[in-house]
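Report on the following structure.
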Number of protein chains: 2
Amino acid sequence: MAGRGRLKAAPGPRYEQRKLEVLRAAARTFNRLGYHAATLDHVAEELGVTKPALYYYARSKDELLFTCGQMAAEALRGVLEDADDADLSGLDRLVRFFRIYAEVICQDFGRCLVLTEPRDLAPPLRQEHVGGRRALNLSVRAMIGDGIGDGSIRRCDTRAVAIALFDAFNGLGRWYDAEGAAPLQVIVDEYLAFVLHGIAARADDGGAVGSRMGT
Amino acid sequence: MAGRGRLKAAPGPRYEQRKLEVLRAAARTFNRLGYHAATLDHVAEELGVTKPALYYYARSKDELLFTCGQMAAEALRGVLEDADDADLSGLDRLVRFFRIYAEVICQDFGRCLVLTEPRDLAPPLRQEHVGGRRALNLSVRAMIGDGIGDGSIRRCDTRAVAIALFDAFNGLGRWYDAEGAAPLQVIVDEYLAFVLHGIAARADDGGAVGSRMGT
DNA sequence: CAATTTCTACTGACCAGAAAGTAGAAAATG
DNA sequence: CATTTTCTACTTTCTGGTCAGTAGAAATTG
């Protein structure tokens with residue numbers, strides 16, 4: 001049987017190594033063309049190989065997408081852990097996190113992560129994917145909550161703010177061009193300044209934003 | 001010939017009316033299933049009709065998507081115009097704009113607009129689509145620039161801030177559920193407070209956010 | 001106003017091409 | 001030569017798009 005070792009008891013270390021190259025090719029292709037527009041032939045071509053070769057390393061197209069996302073997700077989980085034990089304020093932990101989040105999201109696997117739509121994944125994978133994202137989201141909400149507790153963050157709806165943060169930074173992964181003029185660091189600093197202080201010149205108008213719609 | 005009058009010299013007002021129903025069905029279907037996963041049979045079913053009937057009102061699938069987006073884009077252009085002549089500060093104009101932007105983006109056609117990826121559109125339509133978005137973006141950047149000029153907005157990179165704003169609000173269209181608990185108004189207020197003042201409790205730490213990564 | 005023609009809005013049946021996935025043979029590798 | 005990896009060739013399914021044809025309303029005609 002040809003299909004003996006594939007996808008089970010991964011043998012040599014070469015297999016894992018090669019699999020990573022396959023994933024990276026898939027990620028780049030998905031990011032460039034979009035998951036649906038990208039065909040497995042495109043992915044294979046990116047790697048200089050033919051389509052069936054891919055099936056030696058992945059069961060299906062959506063598993064490829066899923067696994068690419070997982071790569072980034074795991075990296076992020078790692079970040080979360082060693083950002084958690086530090087005795088920093090909630091705000092500082094949040095800033096720390098998004099600094100790295102931005103970097104991850106602007107790389108191949110990270111872009112794949114934000115590109116992945118749950119509906120494109122078969123139920124088992126989908127569940128894990130949304131679970132992971134949900135966990136990330138909750139962690140950030142916890143940081144915000146902590147920040148409010150320790151006085152570093154002003155009172156706000158943690159849910160809304162967390163989502164807005166993720167959406168803004170995820171966008172980065174879509175438009176940021178590594179070859180572009182400004183280095184990522186600079187843009188992230190700009191984003192963080194925005195996130196921290198907002199855009200209003202002076203914060204002297206309380207919360208009366210809503211009452212200004214009259215005329 | 002049966003195909004005489006179709007798509008040319010649109011006759012009665014009934015045609016335009018029906019076309020709008022078709023578009024709305026398409027928008028709902030695309031939003032629910034995602035553009036690629038949604039088939040024209042799905043759209044037809046949503047309308048209680050068969051696929052060829054759709055071709056009586058649109059030339060192709062991507063034209064359907066494009067036109068849905070255009071609906072929202074035109075509404076937005078209208079908003080832009082009558083927000084422009086008012087003698088408000090740049091900040092106030094910006095707030096005004098995004099308040100309505102959020103509302104548009106959370107409706108059928110608006111969701112379609114943010115869902116549309118240029119690469120899914122044939123070149124002629126694509127060009128118009130990105131042109132429209134670019135114009136919107138530039139208008140917002142202009143507002144921010146004005147705000148900096150009139151002192152209502154603090155110094156910042158107008159490009160980065162504009163993109164971050166759009167990304168955050170666009171996200172709203174993806175996750176906001178009209179049946180959900182919080183009314184949109186409330187969430188938008190929360191978003192705007194975030195945008196205006198940021199999340200930091202006090203704005204006393206200058207721009208030294210970057211130097212805190214040491215450990 | 002009845003008979004005839006024309007038009008609108010739609011259907012059923014179909015097709016060509018594309019793309020995911022598979023089988024089994026053939027290289028490469030050690 | 002045995003195992004790992006990749007290829008050629010193929011099947012299946014799906015889906016955007018086409019086309020001929022039609023029920024029924026509307027207009028035309030004598």
Side-chain angles (χ1 to χ4, degrees), chain A residues 1-23 25-26 29-30 32-68 119-122 125, chain B residues 1-26 29-30 32-68 117 119-122 125:
Chain A
M1 284 196 205
R4 211 9 226 92
R6 54 190 274 196
L7 295 172
K8 298 203 147 190
R14 273 192 69 89
Y15 179 87
E16 289 300 326
Q17 189 183 322
R18 183 63 168 154
K19 179 170 182 174
L20 209 109
E21 292 175 47
V22 170
L23 288 177
T29 308
F30 290 159
R32 182 163 47 91
L33 269 26
Y35 175 68
H36 282 100
T39 72
L40 291 182
D41 285 317
H42 286 140
V43 176
E45 191 182 11
E46 168 92 19
L47 195 67
V49 137
T50 57
K51 185 174 53 170
L54 303 178
Y55 282 87
Y56 189 69
Y57 300 95
R59 253 174 258 276
S60 61
K61 190 187 180 187
D62 66 317
E63 186 186 286
L64 229 40
L65 179 67
F66 171 79
T67 312
C68 286
R119 61 175 144 237
D120 297 332
L121 267 27
L125 298 181
Chain B
M1 284 203 196
R4 220 354 233 99
R6 53 191 277 194
L7 293 171
K8 299 203 147 188
R14 274 192 73 89
Y15 180 87
E16 289 301 324
Q17 189 183 324
R18 183 61 168 157
K19 180 170 182 176
L20 209 108
E21 291 176 46
V22 170
L23 288 177
R24 209 169 284 282
T29 307
F30 291 159
R32 183 162 47 92
L33 268 26
Y35 176 68
H36 282 102
T39 70
L40 290 181
D41 286 316
H42 286 140
V43 175
E45 192 182 11
E46 168 92 19
L47 196 67
V49 137
T50 57
K51 186 172 52 171
L54 302 178
Y55 282 87
Y56 192 73
Y57 299 96
R59 254 173 258 276
S60 61
K61 189 188 182 188
D62 67 318
E63 186 186 286
L64 230 39
L65 179 67
F66 170 79
T67 312
C68 286
E117 304 250 13
R119 62 176 145 239
D120 297 332
L121 266 29
L125 299 180

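In this text, all values refer to a predicted model and were calculated from it rather than measured experimentally. Here is the naming used below: chain letters follow the sequence lines, and residue numbers restart at 1 for every chain. Hydrogens, waters and symmetry mates play no part in the numbers below; they use all other heavy atoms, side chains included.
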Self-check item: Protein-nucleotide distance (A:Y57, atom OH; D:dT4, atom P), rounded to Å
Solution: 11 Å
Quiz item: To the nearest 0.5 Å, what is the distance between OH (B:Y15) and NZ (B:K19)?
Solution: 5.0 Å
Quiz item: Between A:E21 and A:R18, does at least one N-O distance fall below 4.0 Å, as a salt bridge requires?
Solution: yes
Exercise. Respond yes when some side-chain nitrogen or oxygen of B:Y55 is under 4.0 Å from OP1 or OP2 of C:dC10, and no when none is.
Key: no
Practice problem: Would you please name every residue forming a side chain to side chain contact (heavy atoms under 4.5 Å, CB included) with B:D120, sequence neighbours left out? | Solution: B:Y35, B:H36, B:E117
Quiz prompt | Distance in angstrom units between B:E63 CD and D:dG16 P, rounded | solution = 15 Å
Quiz item: So, do A:Y57 and A:L23 sit near enough that their side-chain heavy atoms are less than 4.5 Å apart?
Solution: no
Quiz prompt | Test side-chain hydrogen bond (donor to acceptor under 3.5 Å, both in side chains) applied to A:R119 - qualifying residues, sequence neighbours left out | solution = none
Give the table of side-chain donor-acceptor pairs shorter than 3.5 Å for residues 46-53 of chain B, with sequence neighbours excluded, one pair per line with atom names and distance.
from: B:E46; atom 1: OE1; to: B:R32; atom 2: NH2; distance (Å): 3.4
from: B:E46; atom 1: OE2; to: B:R28; atom 2: NE; distance (Å): 2.9

Between the protein and nucleotides 27-30 of chain C, list the N/O to N/O atom pairs that are separated by less than 3.5 angstrom.
none

Practice problem: Could you check if a side-chain atom of A:E63 sits within less than 4.5 angstrom of a side-chain atom of A:T67, using non-hydrogen atoms only? | Solution: yes
Self-check item: Between C:dG21 (P) and A:K61 (NZ): distance, integer Å
Solution: 8 Å
Quiz item: In residues 38-50 of chain B, what residues come within less than 4.0 Å of DNA chain D, judged by heavy atoms?
Solution: B:A38, B:T39, B:L40
Quiz item: Once you round it to whole Å, what is the distance between P of C:dA19 and OH of A:Y35?
Solution: 13 Å
Quiz item: If you check the B:Y15 side chain, which of C:dA20, C:dA9, C:dT22 turns out closest?
Solution: C:dA9
Self-check item: d(CD, B:Q17; P, C:dA9) in whole Å
Solution: 11 Å
Quiz prompt | Under-4.0 Å side-chain N/O to phosphate OP1/OP2 contact, A:R18 with D:dT6 | solution = yes
Quiz item: Among side-chain atoms of A:D62 and A:S60, is any donor-acceptor pair under 3.5 angstrom?
Solution: yes
Quiz item: Ignoring hydrogens and angles, are the base of C:dA20 and the side chain of A:K51 linked by a donor-acceptor pair under 3.5 Å?
Solution: yes
Practice problem: Kindly write out the residues that satisfy salt bridge (charged side-chain N to carboxylate O under 4.0 Å, His left out) with A:E45, not counting sequence neighbours, or none if the list is empty. | Solution: none
Quiz item: Does OP1 or OP2 of D:dT5 have a side-chain N or O of A:Y56 closer than 4.0 Å?
Solution: yes
Exercise. Figure out the CG/C1' separation between A:L54 and D:dT8, and round it to whole Å.
Key: 15 Å
